[in-house]
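Okay, so here's the structure we're looking at.
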Amino acid sequence: MPAKVILEISNGPMAGRQFVYEDRTTCIMGRASDCEPRLLAKPATPGAPENRGISRHHCLLDINPPDVRIRDFGSLNGTYVNGRKIGQREQHEQPGGIFPEHDATDGDQIRVGNLRLVVHVHVPITCGQCEAEIPEAELQPADGQTRAGLCLKCRQEAERAGLAATPRRTATDPTKVCAKCGRDVSDETGANRPGEFVCSQCRENPMDLLRQLLQDAAKGAKQLVAIEGYEILKQLGRGGMGAVFLARQEKRDAPVALKVMLPKVAASQRATESFLRETVNTRALQHPNVVRLWDAGCSAGTFFFTLEYCEGGSIDKFMAQRGGKLSIDEALPIALQALEGLHYAHHAEIPHVRLKDGSIGRGRGLVHRDVKPQNIFLSTAGNSRVAKIGDYGLSKAFDMAGLSGHTYAGEVAGTPEFMPREQVRKFKVLRPQADVWAMAATLYNMLTGCFPRDFPKGRDPWQLILESSPVPIRQRNPAIPARLAEVIDHALIDEPEVEVKSASDFRRALMQVM
């Protein structure tokens with residue numbers, strides 16, 4: 001059974017109502033219709049007390065079971081955890097300030113207005129030897145009391161070897177070590193989870209991690225066969241989750257991009273399998289305007305990928321070379337080609353999709369979730385420049401597997417400057433139109449050097465997305481032709497929902513004004 005977080009309302013007209021979270025998610029709590037949980041003010045029974053003091057968008061919940069984090073959204077009446085105020089704006093202030101995040105644990109009480117919620121955290125019992133989850137059917141009485149048991153497989157292996165079935169670690173002895181250097185990481189974020197974990201010191205040198213993997217691959221490690229024979233030429237880029245390197249393999253003439261991603265929490269067997277299963281979807285994408293993913297794998301708490309190398313680099317770097325923005329003649333072809341890639345991916349046959357009945361099977365369509373200039377790359381075909389959508393599905397899958405820790409403290413659920421309201425409201429169920437909006441925001445950025453929305457310093461970016469509208473593009477750059485501006489502004493309408501639904505519709509509208 002997976003870990004889960006339950007929020008239970010303990011008073012008021014919704015008393016007894018539970019909200020259960022078993023997967024990675026973020027949500028906004030408040031009384032507005034787009035909130036989940038939505039905290040209704042009016043009681044169902046006449047005469048019963050009302051829920052008072054709850055703002056429209058009161059606070060943000062960042063849930064990565066078994067962890068849960070809460071942040072006030074600049075509410076007028078504040079958010080409290082165990083009686084301690086964690087955020088509240090002053091009477092004269094406008095909503096939208098940035099308040100600290102607070103980690104909540106099992107049994108904590110959250111107060112929103114006059115409403116109280118109790119946090120319940122359920123953690124599965126794991127094997128004290130291999131750290132795999134132990135199904136309830138296999139639990140022995142001592143397991144449930146001490147969390148020091150072994151799974152059936154480890155017990156059987158011990159019996160065959162004539163050894164005592166003794167766990168090597170228990171929950172009362174939670175020492176964990178770095179998968180690379182062996183340093184004690186028990187006090188690091190996520191280190192109390194089952195699975196392999198790379199310490200903060202080793203994370204500072206992703207090239208060293210990759211070199212070690214390549215050495216192990218050369219020695220014949222089966223889990224590293226995908227990167228056997230590669231040599232690192234240079235580092236191409238680095239982010240909060242890892243780095244990308246230019247590499248070459250003896251058997252392949254063309255260079256490749258070799259990427260490593262480092263989880264912010266221990267990579268459990270469940271999370272690792274979930275993420276690698278999702279990478280199969282990315283490998284299924286084969287289109288001239290989508291960066292190819294060749295192989296993927298995991299070893300020693302480090303995920304690795306071999307990707308098509310685009311020698312022209314990313315669009316944000318191309319913009320920097322051009323002084324911070326692009327001409328219409330440069331930006332439009334890039335946008336049109338990227339939209340072709342998005343249209344293909346949104347309709348492609350995908351091996352592992354969650355179907356309507358909840359099962360996993362073949363389906364159609366993959367949403368990128370993080371379209372922006374940094375994730376569009378340039379290559380060449382003859383004398384022509386070719387734009388390709390990169391990182392397709394990887395960041396989304398990494399985050400949904402819970403490997404990125406807490407999204408809003410990190411970088412992976414999407415970049416706020418290129419996110420529509422829908423992406424904040426509906427974190428888990430995201431439609432292709434969110435990518436279309438992000439592509440319109442990317443074109444806006446290429447032409448102006450600005451973001452569609454203003455993000456003043458000291459204001460919460462996630463609340464700004466919910467409560468502000470994009471600035472018309474001609475206010476940023478009056479030289480943009482009126483008809484082109486109309487098309488871009490129309491594509492950036494996202495209230496009550498994204499106006500332009502498909503990549504093909506946006507592409508067609510751009511073609512008509514070229």
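Computation of the quantities below employed the complete heavy-atom set of this structure, encompassing side-chain atoms and omitting hydrogens, waters and symmetry-equivalent molecules.
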In sequence, state the C-alpha distance, the side-chain angles, and the governing distance for S75 and N77, and then conclude on side chain to side chain donor-acceptor pair (under 3.5 Å). CA-CA 6 Å; S75 64; N77 292 286; over 6 Å; no
Stepwise, does the side-chain contact (heavy atoms from CB on, under 4.5 Å) test hold for L276 with T272? CA-CA 6 Å; L276 292 179; T272 298; 3.9 Å; yes
The test is side-chain contact (heavy atoms from CB on, under 4.5 Å); show your working for T282 and L394 and say whether it passes. CA-CA 7 Å; T282 303; L394 293 181; 4.2 Å; yes
Applying side-chain contact (heavy atoms from CB on, under 4.5 Å) to V112 and Y80, what does each step give before you reach the verdict? CA-CA 7 Å; V112 176; Y80 295 77; over 6 Å; no
Please walk me through it: do H120 and E8 pass side chain to side chain donor-acceptor pair (under 3.5 Å)? CA-CA 8 Å; H120 303 288; E8 182 178 9; 3.0 Å; yes
Start with the C-alpha gap between S468 and D454, add the side-chain angles, then the distance that decides, and say whether side chain to side chain donor-acceptor pair (under 3.5 Å) holds. CA-CA 8 Å; S468 67; D454 287 322; over 6 Å; no
side-chain contact (heavy atoms from CB on, under 4.5 Å) for T279 and R283? Distances and angles first, verdict last. CA-CA 6 Å; T279 64; R283 288 206 299 269; 3.7 Å; yes
Residue pair D184, S186: steps toward the side chain to side chain donor-acceptor pair (under 3.5 Å) verdict: CA-CA 6 Å; D184 185 350; S186 302; 2.7 Å; yes
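Between R421 and E499 there is no salt bridge, since no side-chain nitrogen of the basic residue lies less than 4.0 Å from a carboxylate oxygen of the acidic one. Taking the charged nitrogens against the carboxylate oxygens, E349 and R362 do have a contact shorter than 4.0 Å, which makes a salt bridge.
A donor and an acceptor atom, one from each side chain of S299 and D216, are nowhere located under 3.5 Å apart. Donor-acceptor pairing under 3.5 Å is lacking for the side chains of H57 and R31.
Residues E36 and Y21 come closest through the heavy atom pair O-OH, 4.3 Å. For V260 against L210, the heavy-atom pair with the smallest separation is CG1-CD1, 3.9 Å. Minimum interatomic distance between T79 and C59 (heavy atoms only, all atoms of both residues): OG1-CB, 3.9 Å. When all heavy atoms are compared, the tightest approach of R453 to I465 is NH2-O, 3.4 Å. Across every non-hydrogen atom of R203 and P206, the tightest pair is O-CD, 3.5 Å.
By the 4.5 Å heavy-atom criterion applied to side chains, W437 and L492 are counted as neighbours. Using a 4.5 Å heavy-atom cutoff, the side chains of T302 and L213 are in contact. The shortest distance between side-chain heavy atoms of H58 and F73 does not fall below 4.5 Å. At a threshold of 4.5 Å between non-hydrogen side-chain atoms, the residues P351 and N281 count as touching. Using a 4.5 Å heavy-atom cutoff, the side chains of H122 and I6 are in contact.
A donor-acceptor pair under 3.5 Å is formed between the side chain of Q88 and the backbone N or O of L76. Looking at N82, its side chain does come within 3.5 Å of a backbone N or O of Q109 through a donor-acceptor pair.
A distance of 11.5 Å separates CG in D208 from SG in C181, rounded to the nearest 0.5 Å. With rounding to the nearest 0.5 Å, the separation of CE in M29 from CZ in F19 is 9.0 Å. From L293, atom CG reaches atom CZ of F305 across 7.5 Å, with rounding to the nearest 0.5 Å.
Checking N64, T26, D103, D62 one by one against R69, the side-chain hydrogen bond (donor to acceptor under 3.5 Å, both in side chains) holds for a single residue, D103. Looking at K501, R431, R369 one by one, the single match for salt bridge (Lys or Arg N to Asp or Glu O under 4.0 Å) with E422 turns out to be R431. Here the options are K264, K176, R183, the test is side-chain hydrogen bond (donor to acceptor under 3.5 Å, both in side chains), and the partner is E188; only R183 passes.
Note that R71 lies outside the cation-pi zone of F99, set by a 6.0 Å cut-off to the ring centre and a 45° limit from the axis.
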